[in-house]
Amino acid sequence: MIDETTLNPVELATELTIAWLGNQNNRVAADDVPAFLRTMHATLTELSTSAPQAPADADEIAEDYVPAVTVRKSLASKDHILSLIDGKPYKTLKRHLSGHGLTPEQYRQRYNLKADYPMVSESYSQARRAMAHRIGLGQKGRAARATALATAAPAPAKRAPRKTKTA
């Protein structure tokens with residue numbers, strides 16, 4: 001019964017090697033198979049005898065980040081967003097986050113924010129939107145649809161020219 005629960009590294013290495021060689025995408029010369037089996041066995045032995053180690057970033061993972069301001073306060077103003085890292089106001093957080101080595105997704109995860117938490121202030125977003133409309137971004141699709149509708153519509157019938165009175 002004990003034999004069934006304990007793992008024999010030689011048998012396990014053999015089974016893993018057979019499975020790996022059975023994959024048609026793995027091409028190995030016959031001379032390299034014993035070396036691969038030895039490497040597999042050494043790795044399994046090392047993994048089974050060594051104590052489990054914590055990941056290198058365990059301090060960072062285990063560390064609980066306390067926000068500088070509350071989430072509600074960070075979004076209180078339309079003119080800026082307060083950073084949860086340092087509590088300072090920013091129109092856009094992307095450059096600030098990259099300075100701290102974070103992506104917006106990592107920032108949201110670090111402070112347990114929803115996926116729709118904004119990275120730019122509301123007034124900045126509206127100003128950029130107005131500028132995009134002013135310069136005509138996104139109009140190509142509308143113009144193409146308008147010309148397609150104009151060509152598909154039947155042309156109005158031509159009127160006969162008016163007769164003018166001549167004296």
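For the single chain, residues carry numbers from 1 onward in sequence order.
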**OP:** Evaluate the criterion side chain to side chain contact (heavy atoms under 4.5 Å, CB included) for residue pair T70 and L84; output intermediate values, then yes/no.
**Re:** CA-CA 7 Å; T70 63; L84 297 177; over 6 Å; no

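Checking side-chain atoms of T17 against main-chain N and O of L37 turns up no donor-acceptor pair under 3.5 Å. At distances below 3.5 Å, not a single donor-acceptor pair connects side-chain atoms of Q139 with backbone N or O atoms of G136. Of the possible polar contacts, none joining the R110 side chain to the Y65 backbone as a donor-acceptor pair under 3.5 Å is found.
Clustering ILVMFWY residues whenever any of their side-chain heavy atoms sit less than 4.5 angstrom apart, transitively, puts L16 in the very cluster that holds L21. Hydrophobic clustering, with ILVMFWY side chains joined whenever heavy atoms are under 4.5 angstrom apart, groups V69 together with M119. Residues V120 and V71 fall into different hydrophobic clusters, defined by Ile, Leu, Val, Met, Phe, Trp and Tyr side chains chained together at heavy-atom separations under 4.5 Å. In the hydrophobic cluster analysis, where Ile, Leu, Val, Met, Phe, Trp and Tyr join through side-chain heavy atoms closer than 4.5 angstrom, Y124 is grouped apart from L75.
Minimum heavy-atom separation, A68 to G87: CB-N, 3.5 Å.
For S74 and Y117, the side-chain atoms include at least one donor-acceptor pair closer than 3.5 Å. In the model, S121 has no side-chain atom that pairs as donor or acceptor with a side-chain atom of H80 under 3.5 Å.
In the displayed structure, Q109 atom CD is contacted under 6.0 Å by at most 12 heavy atoms of other residues, nucleotides or ligands.
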